[in-house]
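Down below is the structure, laid out as structure tokens.
To find a chain, count down the sequence lines: A is the first, B the second, and so on, and within it residues start at 1.
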2 protein chains.
Amino acid sequence: MARSPKSAGKGRKLSNFLCFAIYSANLAFGRAYKPLLDKVGLTYTQYIALVALSDEDEQTVSALGEKLFLESNTLTPILKKLEQMGLIKRHRDPADERQVRLSLTPAGRKLIEQDLGESLIEATGLGDDFPVVQKTVSRLRDNLLRATNIDG
Amino acid sequence: MARSPKSAGKGRKLSNFLCFAIYSANLAFGRAYKPLLDKVGLTYTQYIALVALSDEDEQTVSALGEKLFLESNTLTPILKKLEQMGLIKRHRDPADERQVRLSLTPAGRKLIEQDLGESLIEATGLGDDFPVVQKTVSRLRDNLLRATNIDG
DNA sequence: CCCATATAAATCGTATCCGATTAAATCGGA
DNA sequence: TCCGATTTAATCGGATACGATTTATATGGG
């Protein structure tokens, strides 16, 4: 919850914390997606996982985790649910039985191709700044993770 | 997970989704704070709640919820934990027994005044852009919530 | 005064996150 | 070859989020 360097003295206010802006913006995105995702019976995280899986067939759980910044403890239950819903297939890699390979089913691919959330671009109110903000926040994330892993 | 308007055709890639940038940046902040907060025995959300409580004494749960964009279903367990740790006091308002009033204890205030997370400002790698990004993301959040509540 | 309505907080069930541990499979050096 | 170290998922427990419901209190019209 690092604060703005500007507010040095007393103002320990939430509104000056970048981490709170990110935290609350994440909640807001989840709520904005909710009505859209309810229609197809997906949660926010399930949808993000599906998008990442649409990128490439036969990914392992670890590879998916690297894209999503998550690990098997979080992903395994979500992936089992997606499989149970008929949106993905999971199977052990015959060449290395430790790994589980993941692929979208036709139903899963069809769902992703609907481009849910396209309608939310306008709701961000960012206009032409949209790609700039996206890149800035991604860089912020990468910087934080790098700093955390070096001296954490 | 609204995508950049630029990537119209095939690129349904996670890296083009603003909501994923926010989602993953939030995870990154949580991980960056973890070692700092572990030292004082707090979780990320508990810390955010404490900062919001330091703003004003005798807030109600609802008022705190408006600042944090959370409701009593999420806050009550967190507040009970903070009380149990001796960092806040909770008591029913005698003038309206439905409401619970919240205040930091001296221990709670002392903890907040340590300015944990100050060290993370540099880790964001944003430099002078820090306050700009903070305001942009806050505006994004407010726009999303407004759009969600109007036609959601 | 009485009760229907409204409001505030708490409770409950489901779905994430995450640290720590476990189980199974693979790998590598003696 | 054999066994310890490593790797990959999965499991488990604690702490959020959140929709839906419940409980307790307050309010207002008749």
Side-chain angles (χ1 to χ4, degrees), chain A residues 20 23-35 37-38 41-50 58-66 68-85 90-102 145 148-149 152, chain B residues 20 22-35 37-38 41-50 58-66 68-85 90-102 145 148 152:
Chain A
F20 178 68
Y23 167 87
S24 50
N26 185 49
L27 294 181
F29 257 124
R31 289 165 201 182
Y33 266 99
K34 184 87 174 43
L37 293 177
D38 275 350
L42 284 178
T43 65
Y44 188 55
T45 310
Q46 287 166 2
Y47 181 55
I48 288 178
L50 272 190
E58 301 292 308
Q59 293 182 71
T60 65
V61 174
S62 298
L64 177 63
E66 278 184 31
L68 299 182
F69 306 99
L70 295 172
E71 292 174 32
S72 68
N73 52 3
T74 300
L75 288 176
T76 296
I78 295 169
L79 295 169
K80 283 185 173 179
K81 187 68 196 276
L82 289 174
E83 180 182 42
Q84 174 200 320
M85 295 197 283
R90 297 162 67 243
H91 66 88
R92 292 277 167 183
D93 185 340
D96 185 342
E97 293 277 349
R98 289 173 303 183
Q99 299 181 341
V100 168
R101 298 281 174 180
L102 309 164
L145 291 177
T148 302
N149 292 331
Chain B
F20 178 67
I22 296 284
Y23 167 86
S24 51
N26 185 49
L27 294 181
F29 257 124
R31 290 166 200 181
Y33 265 99
K34 184 87 177 37
L37 293 176
D38 275 350
L42 284 178
T43 65
Y44 188 54
T45 310
Q46 286 166 2
Y47 181 56
I48 288 179
L50 271 190
E58 300 293 308
Q59 294 182 71
T60 65
V61 174
S62 299
L64 177 64
E66 278 183 29
L68 300 183
F69 305 99
L70 295 172
E71 292 173 32
S72 68
N73 52 4
T74 300
L75 287 176
T76 296
I78 295 169
L79 295 169
K80 284 186 174 179
K81 186 68 196 276
L82 289 174
E83 181 183 42
Q84 175 200 318
M85 294 195 283
R90 297 162 67 242
H91 66 89
R92 292 277 167 183
D93 185 337
D96 185 344
E97 293 277 349
R98 290 173 304 183
Q99 298 181 340
V100 168
R101 298 281 174 180
L102 309 164
L145 291 177
T148 302

Worksheet item: Which nucleotide sits closest to the side chain of A/Tyr23: D/dT11, D/dG19, D/dA17?
Response: D/dA17
Worksheet entry | Whole-Å gap separating P (D/dA9) and CZ (A/Arg92) | 8 Å
Item to complete: State which of D/dA10, D/dC18, D/dT25 makes the closest approach to the side chain of A/Thr76.
Response: D/dA10
Item to complete: Can you tell me the distance, in whole Å, between the CD1 atom of B/Ile78 and the C1' atom of D/dC18?
Response: 12 Å
Worksheet entry | Smallest separation among heavy atoms of B/Leu82 and B/Ala49, with atom names | CD1-CB, 4.2 Å
Discussion item. Give me the atom names and distance for the closest heavy-atom approach of B/Tyr23 to A/Asn26.
Written reply: CA-OD1, 3.4 Å
Worksheet item: Okay, side chain of B/Arg92, backbone of B/Glu97: is any donor-acceptor separation there less than 3.5 Å?
Response: yes
Practice prompt. Using whole Å, report how far CG of B/Asp93 lies from C1' of D/dA26.
Written response: 12 Å
Fill in: Interatomic distance, B/Lys80 NZ vs D/dG14 C1' [rounded to whole Å]
17 Å
Item to complete: By nearest nucleotide on DNA chain C, pick out whichever of A/Gln46 and A/Ala95 is the more 5' one.
Response: A/Gln46
Discussion item. Can you tell me which nucleotide in D/dT11, D/dT16, D/dG19 comes closest to the side chain of A/Lys34?
Written reply: D/dG19
Worksheet item: B/Leu79 CG to D/dA17 P: how many Å, rounded?
Response: 13 Å
Worksheet item: Taking for each residue the nucleotide of DNA chain D bearing the nearest heavy atom, is the 5' side occupied by A/Pro77 or by B/Glu71?
Response: A/Pro77
Discussion item. Going by purine N1 to pyrimidine N3 plus the second Watson-Crick contact, or the G-U wobble pair, all under 3.5 Å, which nucleotide sits opposite C/dC12?
Written reply: D/dG19
Practice prompt. With A/Arg101 as reference, evaluate A/Asp96, A/Thr60, A/Asp93 under the side chain to side chain donor-acceptor pair (under 3.5 Å) test and give the passing residue.
Written response: A/Asp93
Worksheet entry | 5'-most by nearest nucleotide on DNA chain C - B/Asp96 or B/Gly30 | B/Asp96
Worksheet item: Which heavy-atom pair separates A/Arg90 from A/Leu79 by the least distance, and what is that distance?
Response: CD-O, 3.7 Å
Fill in: Interatomic distance, B/Met85 CE vs D/dA15 P [rounded to whole Å]
9 Å
Worksheet, complete the sentence: Nt span of DNA chain C in reach of chain A heavy atoms at under 4.0 Å, 5' end first, is C/dA15 to C/dT26
Discussion item. What's the closest nucleotide to the side chain of A/Ser62 if the choices are D/dC18, D/dA9, D/dA15?
Written reply: D/dA9
Worksheet entry | Heavy-atom closest pair, residues B/Leu64 and B/Leu102 | CD2-CD1, 3.9 Å
Worksheet item: Can you find a side chain N or O atom of B/Thr45 that sits less than 4.0 Å from OP1 or OP2 on D/dA15?
Response: no
Discussion item. Classify B/Arg90 by what it touches in the nucleic acid, base, sugar-phosphate, or nothing, heavy-atom distance under 4.0 Å.
Written reply: sugar-phosphate
Item to complete: Mind listing the closest non-hydrogen atom pair of A/Ser24 and B/Phe69 along with its distance?
Response: CB-CD1, 3.7 Å
Worksheet entry | Nucleotide D/dA17, atom C1' - distance to OH of A/Tyr44 in whole Å | 13 Å
Worksheet item: What nucleotide among D/dT25, D/dA17, D/dT8 has an atom nearest to a side-chain atom of A/Leu27?
Response: D/dA17
Response to the item:
Nearest-nucleotide check on DNA chain D, B/Lys81 vs A/Ser72; residue mapping nearer the 5' end is A/Ser72
Worksheet entry | Spacing of A/Asn73 atom CG relative to D/dT7 atom P, expressed in whole Å | 17 Å
Fill in: For the student: nearest non-hydrogen atoms of B/Pro35 and B/Arg31, plus distance
CD-O, 3.2 Å
